[in-house]
Amino acid sequence: MADDLLVIIPTRGRPQAVPALVQAWDDTGATADLLFAVDNDDPELSGYKVEAAKLKGDGRFRFVYGKRLRLCGTLNQQAVKAAKRYRFLAFMGDDHRPRPAEMPWDARIRECLSGGPGIVYGNDLLQGEAMATAVAMTSDIVATLGYMAPNVLTHLCLDLVWLDWGRGMGRITYLDDMVIEHLHPANGKADLDAGYEEVNSDAMVSADSAAYYDYRDNGGLDSDLAKLRQLVEEGA
């Protein structure tokens, strides 16, 4: 039987992240379902399939393979599908690792989101409260908007939008003691591989930054917030 929380991880070029994340699930006692969304043109595709075979029979972990849509496109594709089945949806990068705590991180998410439409995020030990780099939300947000992040974005600035949504609807919670660690070259916790180089290139930064500011300042955010505030009112 499916859990009520699904964590979606779009991943490319890092099959070694799979056993590390599975271990994090085991270490933290998490029961949340985990979906690895893999590109079918990934040069490391065979590595992902080896890891998937190892996990066959464990209902917590699933793999989907499809056309490369980049991080935002893949996340949206899977989130819209999953919103029909799950009460809560979460995003993590393949370089995030939940860490053990007195109360399991997924139980904290369920507790915080049990009161109605909202967003919750934890401490990534890099950006902290400033950015929602790993985030969870009620699935009715995705169902209402038709996406988990604006489809004008490719890879960056999703975390800024999630803050905008949560603050704009008055339903966002930051949990400093819920650690979902971000293993990133910026904090010396990961090597600068081809994936990091691509998504942090000057071209990507410029394109996603421009798309975010256009969404924020030219009506996109206002339109989405109107829908989200109505959702909150209907649930009150």
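Below, each value reflects all heavy atoms present in this structure, side chains not excepted, and no hydrogens, waters or symmetry copies.
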Subject >> Those residues that, when tested against Tyr48, pass ring-ring contact (aromatic ring centres under 6.0 Å, His included) (two or more places apart) >> reply: none
Grab the two heavy atoms, one from [X] and one from [Y], that are nearest each other, plus how far apart they are.
X      : Y      : answer
Val161 : Pro150 : CG1-CD, 3.5 Å
Leu45  : Asn40  : CD2-O, 3.5 Å
Arg97  : Ala20  : NE-CB, 3.5 Å
Met92  : Ala134 : CG-CB, 4.2 Å
Leu89  : Val142 : CD1-CG2, 3.8 Å
Pro98  : Thr28  : O-CG2, 3.8 Å

ILVMFWY network linking [X] to [Y], side-chain heavy atoms under 4.5 angstrom:
X      : Y      : answer
Leu69  : Leu158 : no
Ile8   : Leu153 : yes
Leu71  : Val18  : no
Trp165 : Val80  : yes
Phe88  : Leu75  : no

When rounded to the nearest 0.5 angstrom, what is the spacing between [atom1] in [X] and [atom2] in [Y]?
X      : Y      : atom1 : atom2 : result
Leu228 : Met137 : CG    : CE    : 9.0 Å
Lys189 : Asp95  : NZ    : CG    : 11.5 Å
Thr133 : Leu126 : OG1   : CG    : 7.0 Å
Arg110 : Cys112 : CZ    : SG    : 12.0 Å
Leu21  : Thr11  : CG    : OG1   : 8.0 Å
Asp159 : Met131 : CG    : CE    : 5.0 Å

Under 3.5 Å donor-acceptor, [X] side chain and [Y] backbone:
X      : Y      : result
Arg171 : Pro117 : yes
Asp106 : Ala32  : yes
Asp4   : Arg87  : no
Asp208 : Cys157 : no
Asn76  : Met148 : yes
Ser114 : Glu111 : yes

Original post:
Stepwise, does the side-chain contact (heavy atoms from CB on, under 4.5 Å) test hold for Ile141 with Ile119?
Top reply: CA-CA 9 Å; Ile141 291 175; Ile119 293 173; 4.0 Å; yes
Original post:
Between the side chains of Thr31 and Asp3, is a donor N or O closer than 3.5 angstrom to an acceptor N or O?
Top reply: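 Side-chain D/A pair, Thr31 to Asp3: present.
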Check side-chain hydrogen bond (donor to acceptor under 3.5 Å, both in side chains) between [X] and all other residues, then give those that pass, not counting sequence neighbours.
X      : value
Thr138 : Asp140
Arg167 : none
Gln77  : none
Arg12  : Asp39, Asp41

Original post:
Are Lys227 and Glu233 within salt-bridge range, i.e. N to O under 4.0 Å?
Top reply: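 Judged by the 4.0 Å cut-off on N to carboxylate O distance, Lys227 and Glu233 do not form a salt bridge.
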**OP:** Return each pair, listed once, that meets ring pair (Phe, Tyr, Trp, His ring centres under 6.0 Å) where at least one residue sits in residues 91-124; pairs must be two or more places apart or across chains.
**Re:** Trp25-Trp105, Phe91-Trp162, His96-His182, Tyr121-Tyr174
**OP:** Taking the side chain as every heavy atom from C-beta outward, state whether Asp33 and Val7 have any atom pair closer than 4.5 Å.
**Re:**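 No; the side chains remain at least 4.5 Å from each other.
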Original post:
Would you say the side chain of Arg99 lies within less than 4.5 Å of the side chain of Ile180, judging by non-hydrogen atoms?
Top reply: no
Side-chain donor-acceptor distances from residues 216-223 under 3.5 Å, at least two apart:
{"unit_1": "Asn218", "atom_1": "ND2", "unit_2": "Asp214", "atom_2": "OD1", "d": "2.7"}

**OP:** For Phe36 and Asp94, run side-chain contact (heavy atoms from CB on, under 4.5 Å): C-alpha distance rounded to whole Å, both residues' side-chain angles, the deciding distance at 0.1 Å, then the answer.
**Re:** CA-CA 9 Å; Phe36 293 100; Asp94 57 16; over 6 Å; no
Applying salt bridge (charged side-chain N to carboxylate O under 4.0 Å, His left out), can you list everything that pairs with [X], at least two apart in sequence or on another chain?
X      : result
Asp58  : Arg60
Asp177 : Arg108
Glu51  : Lys54
Glu129 : none

Original post:
Is the number of heavy atoms from other residues, nucleotides or ligands under 6.0 Å of Asp202 CG greater than 12?
Top reply: no
Original post:
side-chain hydrogen bond (donor to acceptor under 3.5 Å, both in side chains): which pairs involve residues 142-151, sequence neighbours left out?
Top reply: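 Pairs touching residues 142-151 that pass the test: Tyr147-Asp224.
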**OP:** Let me see the working for Val120 and Val135 under side-chain contact (heavy atoms from CB on, under 4.5 Å), right down to the final yes or no.
**Re:** CA-CA 6 Å; Val120 61; Val135 70; over 6 Å; no
Subject >> Intermediate values then yes/no, side-chain contact (heavy atoms from CB on, under 4.5 Å), Leu156 and Val205 >> reply: CA-CA 7 Å; Leu156 304 175; Val205 171; 3.8 Å; yes
